[in-house]
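We name chains A, B, ... by the order of the sequence lines, and we start the count at 1 in each one. Atom set for the values below is all heavy atoms of this structure, side chains included, hydrogens, waters and symmetry mates excluded.
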Protein chains: 2
Amino acid sequence: MQVKAAIPITVADIKSACSQCNLLELCLPFGMTETEINRLDELVGTRRRIKRQQHLYRAGDPFEAIYAIRIGWFKTDVVLEDGREQVTGFQMTGEMLGLDGISTEAHSCNAIALEDSEVCVIAYDKLEELSRQVEGLQHQFHKVMSREIVRDHGVMMLLGSMRAEERLAAFLLNMSQRFAARGFASSEFHLRMTRDEIGSYLGLKLETVSRAFSKFQEEGLIAVQQKHVRLLDIQAMRQMIQHPAAIR
Amino acid sequence: MQVKAAIPITVADIKSACSQCNLLELCLPFGMTETEINRLDELVGTRRRIKRQQHLYRAGDPFEAIYAIRIGWFKTDVVLEDGREQVTGFQMTGEMLGLDGISTEAHSCNAIALEDSEVCVIAYDKLEELSRQVEGLQHQFHKVMSREIVRDHGVMMLLGSMRAEERLAAFLLNMSQRFAARGFASSEFHLRMTRDEIGSYLGLKLETVSRAFSKFQEEGLIAVQQKHVRLLDIQAMRQMIQHPAAIR
DNA sequence: TCACTCCGTTGATCCACGTCAACCACAAAT
DNA sequence: ATTTGTGGTTGACGTGGATCAACGGAGTGA
């Protein structure tokens, strides 16, 4: 059923590497000088298009490259032997995938496209080599990894200490903020993932996610229709996380 | 009440840096050549002793160094405005602390000693500089960061998809394996953290943790007395995680 | 030795979320 | 236009773990 989803792109496309890309601000080249960025172009040799529902990589695949998302959305997940799935993250344009593979030289999670997507392939050995020469690249790469660690700690807080509605509020605010950072509307957006996937990420069942959406709607915090969400009272949602209404 | 816990060590002590340390296998120098390790010695300038319950660093502190634990145990935690605490990890000898600080140049969590401890201070700017010169150091450092990301994903799986007893089993097996890696007994050890701290880490209340300990004891899986734990049936505990008994 | 504090255990009760089930909306296929 | 499948919503009910409460044991300091 699943087709291995590697569609290399023609040489013509390769031209427009980092130096031509409009994602500079969010991606690996952030904070680098123009000269440095030009050297990055050597690195980003190929692109890959991944169709919806296809894997960019699977747990166990040998690790060779990390990926920067140019277009589209992904989820990463870990699956236990008995089939339980935990979504560990949703990644969008300008974000990096594959960092999990460095430690054991094999990927430890699955990366699956939520919609037809395109990534820049960054050969890892070349990245290490270049980041020994280009200080800005080295530093930015370390920041990207560290940011992932900090994000993960936030998810732990969410999973370990927050109740269902707080989790959903935190999730929606996080989406909002990431859309904003890319110049998209921050209070109206289209979710690429299902209720089930959101639930897996938030440690909730899909019914609970659905009910929380409905509750927020009743309370006038948001307007939802299927995957389309409009945030009507961001301030109230922020307060929900910081000063939970529940007596405790 | 809390005293800032920086007790620099005399010059005499500094001599015995990485090249003399018996933690090579677990720590930053792993996989590096002897010559490379000698250069690491330049890096590890000072040590710090941290007394039980004192902070190595706090959320918000400016980020300047990462730390390798020489002796002792730490916990890291994140605290919400309303006081809810989430323990994000327990770190032991040979493990690294402070990686969270790279992304924003300020620490994003607290690191607190669970017992009187000692760490090697690794100035971060020097680490970046040296790892541009020493390939083995660069690679090992990246592996350490990546390993932290993989670990975090494991914790997400635990918090998002496992039930109370599975979480505790996973926790104990993880402890066991880390003791083993350091040449300590893998089936009998002393926990440095309280039930409350374990609970925070596992997303459970301390009472639930305590009950799970008691249940395991009744079932003959472990022998517990306060913080002293003996694992009697590691195999059964492994199966508990992979093939949960509960009908689902 | 006693008093005090912190930590752990255990029981009784409660409730947030899971489970089970029915139904509905929308899109793609025929 | 009809069928089929996937994903989302909502209701009724059950339960795992939280909450509340009491007590006990270990360590510490006077």
Given atom [atom1] of [X] and atom [atom2] of [N], what is their separation to the nearest angstrom?
| X | N | atom1 | atom2 | result |
| --- | --- | --- | --- | --- |
| B:Met193 | C:dG8 | CE | C1' | 16 Å |
| B:Asp196 | D:dA18 | CG | P | 12 Å |
| B:Phe213 | C:dT10 | CZ | P | 12 Å |
| B:Leu168 | C:dG8 | CG | P | 13 Å |
| B:Arg195 | C:dT10 | CZ | P | 10 Å |
| B:Leu202 | D:dA18 | CG | C1' | 15 Å |
| A:Ile198 | D:dG7 | CD1 | C1' | 12 Å |
| B:Ile222 | C:dG8 | CD1 | P | 14 Å |

Is there a donor-acceptor pair closer than 3.5 Å between any side-chain N or O of B:Ser176 and the backbone N or O of B:Ser186? yes
Any donor-acceptor N/O pair, A:Arg167 side chain to A:Met162 backbone, under 3.5 Å: yes
Any Lys/Arg nitrogen of A:Arg52 or A:Asp116 sitting under 4.0 Å from an Asp/Glu carboxylate oxygen of the other? no
Salt bridge flag under 4.0 Å for residues A:Arg147 and A:Glu95: no
By a strict heavy-atom criterion of less than 4.0 Å, which residues belonging to residues 223-232 of chain A are in contact with DNA chain D? A:Gln226, A:Lys227
Expected string for nucleotides 10-17 of chain D under the B/S/- scheme (protein heavy atoms, under 4.0 Å, primed atoms plus P, OP1, OP2 as sugar-phosphate) is BBB---SS
Heavy-atom check, side chain of [X] versus side chain of [Y], under 4.5 Å:
| X | Y | answer |
| --- | --- | --- |
| B:Val224 | B:Phe216 | no |
| B:Thr104 | A:Val150 | no |
| B:Arg84 | A:Glu166 | yes |
| A:Tyr201 | A:Met193 | no |
| A:Leu221 | A:Leu232 | no |

Would B:Glu218 and B:Lys215 count as a salt bridge (Lys or Arg N to Asp or Glu O under 4.0 Å) here? Give the steps. CA-CA 5 Å; B:Glu218 279 167 34; B:Lys215 179 106 181 292; over 6 Å; no
Measure from NZ or CZ of B:Arg192 to the centre of the six-membered ring of B:Phe90 and say whether it is under 6.0 Å with the direction within 45° of the ring axis. no
Using five pairs at each end of the helix from C:dT1-D:dA30 to C:dT30-D:dA1 to define an axis, what is the angle between those two axes, to 10°? 40°
